[in-house]
Amino acid sequence: ATVGTEFSAKVLEACEAGEVFIKEFYATMDKRRNLLSGFYSDSSFMVWNGHTCTGSSDISSFYQSLPSSEYDVSVFDCQPISDIQGQSQVLVTCEGLVQFDSQDGNSPNKFNQNFILVKQGEYWKISSDCFRFLEL
């Protein structure tokens, strides 16, 4: 296989993994937060609007402490990044609106979130998660 063909295969893998990930992650965030720890590993880290956490348990606990949410991802992009120790990695970037405690009449906030996914066996785990509110 040529380098171009190998790279094309990596791009396709990144796009497929990213699209599935986005749907599953935000559905879990909105409706089944108690399952979020399965997206992370013990070496994962997160920065959420300046707040930092490491490890699947701490990250999951942080997310569970947030008010109920409704995420609407308006745009996302995925691309492969260099493998580390033979493990494929994907950069996933997304933007959209999130509304916390919608029953309280709060307005939605624009957000940007970036993930680095690492393939571990047949599954993709979040290595890095960086969330930031954006000014409207």
Side-chain angles (χ1 to χ4, degrees):
T2 67
V3 172
T5 303
E6 289 175 12
F7 183 69
S8 292
K10 286 243 181 230
V11 169
L12 181 61
E13 178 185 46
C15 291
E16 290 172 351
E19 188 168 358
V20 169
F21 167 77
I22 290 289
K23 289 177 185 174
E24 290 182 7
F25 180 82
Y26 289 107
T28 303
M29 207 35 212
D30 288 344
K31 305 210 181 329
R32 301 178 307 274
R33 279 199 202 158
N34 60 314
L35 302 177
L36 275 175
S37 64
F39 285 87
Y40 298 90
S41 69
D42 289 339
S43 62
S44 300
F45 62 92
M46 177 201 71
V47 179
W48 198 91
N49 228 35
H51 179 86
T52 61
C53 289
T54 57
S56 61
S57 179
D58 286 348
I59 294 169
S60 179
S61 293
F62 172 79
Y63 276 130
Q64 289 184 59
S65 74
L66 296 176
S68 62
S69 61
E70 291 179 34
Y71 280 85
D72 180 19
V73 175
S74 55
V75 63
F76 69 91
D77 190 33
C78 314
Q79 64 184 19
I81 54 179
S82 298
D83 292 0
I84 291 192
Q85 298 175 343
Q87 292 179 308
S88 297
Q89 295 192 107
V90 173
L91 172 64
V92 178
T93 61
C94 60
E95 279 192 22
L97 295 173
V98 59
Q99 187 167 8
F100 291 105
D101 276 339
S102 60
Q103 68 273 14
D104 289 343
N106 294 333
S107 297
N109 294 295
K110 192 170 184 180
F111 76 93
N112 173 273
Q113 195 161 14
N114 301 304
F115 302 93
I116 295 177
L117 307 180
V118 177
K119 194 165 191 179
Q120 296 181 349
E122 294 183 29
Y123 301 100
W124 292 92
K125 295 282 188 177
I126 299 169
S127 171
S128 171
D129 174 354
C130 184
F131 177 97
R132 182 68 67 184
F133 286 119
L134 303 174
E135 298 294 324
L136 289 176

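Heavy atoms only: backbone and side chains are in, while hydrogens, waters and symmetry mates are out. These figures come from a predicted structure and were not determined experimentally.
Of the possible polar contacts, none joining the Gln89 side chain to the Val118 backbone as a donor-acceptor pair under 3.5 Å is found. In terms of modelled atom types and a separation under 3.5 Å, the side chain of Ser74 and the main chain of Glu95 share a donor-acceptor contact. Formation of a donor-acceptor pair under 3.5 Å by the Lys125 side chain with backbone atoms of Gly38 is found in this model.
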Report the C-alpha separation of Trp48 and Phe62 in whole Å, then their side-chain angles, then the decisive distance to 0.1 Å, and conclude whether the ring pair (Phe, Tyr, Trp, His ring centres under 6.0 Å) test is met. CA-CA 9 Å; Trp48 198 91; Phe62 172 79; 5.5 Å; yes
List the steps and the verdict of side-chain hydrogen bond (donor to acceptor under 3.5 Å, both in side chains) for Ser57 and Ser60. CA-CA 5 Å; Ser57 179; Ser60 179; over 6 Å; no
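Checking Trp124, Phe115, Phe76, Phe131 one by one against Phe25, the ring pair (Phe, Tyr, Trp, His ring centres under 6.0 Å) holds for a single residue, Phe115. A side-chain contact (heavy atoms from CB on, under 4.5 Å) with Ser128 is found for one member of Ile116, Leu117, Val47 and no other, namely Ile116.
For the residue pair Asn114/Thr93, the side-chain donor-acceptor check at 3.5 Å is not satisfied. With no hydrogens or angles considered, a side-chain donor-acceptor pair links Lys10 and Ser88 at under 3.5 Å. In summary, the side chains of Gln113 and Tyr71 do not present any donor paired with an acceptor at a separation below 3.5 Å, with no hydrogens or angles considered.
Note that CE of Met46 is 9.5 Å distant from SG of Cys130, once rounded to the nearest 0.5 Å.
Side-chain contact check for Cys78 versus Phe21: every heavy-atom pair is 4.5 Å or farther apart.
In this structure, Asn49 and Arg132 approach most closely via the heavy-atom pair OD1-CD, 3.2 Å.
The local environment of OH in Tyr123 is sparse, with at most 12 non-hydrogen atoms from other residues, nucleotides or ligands closer than 6.0 Å.
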